[in-house]
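Beneath this line is the structure, given in structure tokens, with notes to follow.
In the text below, chain A, chain B and the rest are named by the order of the sequence lines, each starting its count at 1.
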2 protein chains.
Amino acid sequence: MLENLQKIRLEKPVDKIIEQIRSLIQNGDIEPGQKLPPERKLAERFGVGRSQVRDAIRKLELYGILKTHPQSGTVVAGIGLVALEGLITDVLELDHHDFNSLVKTRVLLEKESAKEAANRRTEEDITQIKKALKAYEAKIVQGLPAVEEDLLFHIKIAEASKNNVLKSLMMIITPEIVTNYNRLKVCGTGEGIKALNEHKEILKQIVNQEPELASQSMEKHLQNVLEFSLKMNH
Amino acid sequence: MLENLQKIRLEKPVDKIIEQIRSLIQNGDIEPGQKLPPERKLAERFGVGRSQVRDAIRKLELYGILKTHPQSGTVVAGIGLVALEGLITDVLELDHHDFNSLVKTRVLLEKESAKEAANRRTEEDITQIKKALKAYEAKIVQGLPAVEEDLLFHIKIAEASKNNVLKSLMMIITPEIVTNYNRLKVCGTGEGIKALNEHKEILKQIVNQEPELASQSMEKHLQNVLEFSLKMNH
DNA sequence: GACCAATAATTGGTTGACCAAATATACGGG
DNA sequence: CCCGTATATTTGGTCAACCAATTATTGGTC
């Protein structure tokens, strides 16, 4: 009841503007590839200020939905109505990701990273991964928290995969992952040695160019948190 | 030579500001969880206008790197230096994705969607996928382009996976995928019937709750474009 | 010293005016 | 009618001033 009241009040003007831009596109008033009306016109039409329209446009620009040309106008991406609709829906539903979906997706991306790292790593990649592993080990041996070092180890593997889209997607979900891990206290104490050995195993398989084994070891490494996420899902 | 000249001139002020904010964080001037200096102070310090600082902050906010509290200040996410550094690097390297990485990653996400759709689909999901397939078929039968209908079919499968993170990531790469497909003229004519039959096969396996088969059929469905991307990579 | 209320200062959000670049229009000549 | 040039208009980008909310400071009381 009170929660419903709060939710209505938290609705953001920028999101309302995005909804209205979506309607313009859905109604066929503006087609993919065409220009939006000028900012001033949109502000007038939506009954808001120009700076709010700009904020909405900036947000949609980051998602590839709009493309602004200075002193010229703002064009809707020519990617088709279905893609536009799906993306705008996604923009408006941000921060509604459940923890289980986050973890499952992380597992998928990490497995693929490990597999591709085994396929494509260079000597320099191996050096970087080893360095990250060494830093992780130093923390674990001292019984200190090693979240940063753990994450760096995973990032170095993603870099060794030579798939920068994969790495981007991993980085994009990282804030929510880390925030949820902290909130839910996922990284308990006492499992550092086990995780360290799993890291070593994964690295060995990457060095030896064994993609399937690396992928399996990565999955095993993340199995606990996956099971945890099933229980804690909300 | 001339290209190098152009590149320097195209460097965006917002990105330069982001680089400077990154330095503040890397140098330990600002730690994760702490407040940035006020916008006016940053503008003065960086020798730019406040509206440019705001644009940079807005962008970093969308990535979960910063969190702005009205009339209070802007806090750096407490997700650790490694995550922050990785994310800021990613923000600054936008639009440098090679086509092969894009397609490989798409294949990975689509396979998982099909697999999870087979595991978790509801009757309503099946209805939606069938509807999308029917629309696709109508276009193929007429020999018309069916990019929109194809994409909608894939989106409906992602929805049936019940993993909204997976769906978000698929949407996020879609603009670049579609743009590259258009640019490289990936969707030639003449393969509509084959693709239609592959869609039908995938749907059958989702209906029958056969996750491994659905995943394999999806991979097979996307094999051509994957091979194409290896040749066209740049 | 701790606590509270009032006031002042600071902060991000917003506005209208101005600026520089792009586009549209008008005009003259062939 | 077409083309080129000059001018006017429009557009997104930027700025300083203002606004509303938050935080810090001040002064009084116990």
Any Arg54(A) side-chain nitrogen or oxygen under 4.0 Å from OP1 or OP2 of dG12(D)
no
Using atom CD of Glu39(B) as one end and atom P of dA21(D) as the other, report the distance to the nearest whole Å.
17 Å
Could you please name the option among dA22(C), dG12(C), dT15(C) that lies closest to any side-chain atom of Gln71(B)?
dG12(C)
Greater than 12 external heavy atoms within 6.0 Å of Lys162(A)'s NZ
yes
One thing to verify: whether Glu159(A) and Lys156(A) come together as a salt bridge, which I'm taking to mean a side-chain N less than 4.0 angstrom from a carboxylate O.
yes
Between atom CD in Glu61(A) and atom C1' in dG12(D), what is the gap in whole Å?
11 Å
Rounding to an integer number of Å, can you tell me how far Lys67(B) NZ sits from dT22(D) P?
13 Å
Test: Lys139(A) and Glu148(A) ion pair at under 4.0 Å:
no
Start at the 5' end of DNA chain D and walk down; is the nucleotide closest to Lys35(B) or to Val48(B) reached first?
Val48(B)
Between the base of dG12(C) and the side chain of Arg58(B), is there any donor-acceptor pair under 3.5 Å?
no
Figure out the CD/P separation between Gln52(B) and dG13(C), and round it to whole Å.
17 Å
By nearest heavy atom, map Ser51(A) and Pro70(B) onto DNA chain C; which one lands nearer the 5' end?
Pro70(B)
Nearest-nucleotide pick for Arg50(B), side chain only, options being dC15(D), dA17(D), dA21(C):
dA17(D)
Starting at atom CD of Glu44(A), determine the distance to atom C1' of dG12(D), rounded to an integer number of angstrom.
17 Å
What about Arg40(B): does its side chain form a donor-acceptor pair under 3.5 Å with the base of dG12(C)?
yes
Taken to the nearest whole Å, NZ/Lys41(A) to P/dT9(D) is 14 Å
Do the side-chain N or O atoms of Ser72(A) get closer than 4.0 angstrom to the phosphate oxygens (OP1, OP2) of dT23(C)?
yes
Below 4.0 angstrom, N of the basic side chain to O of the carboxylate: do Glu137(A) and Lys134(A) qualify?
no
Under a 4.0 Å N-O cut-off, is there an ion pair linking Arg22(B) with Glu19(B)?
no
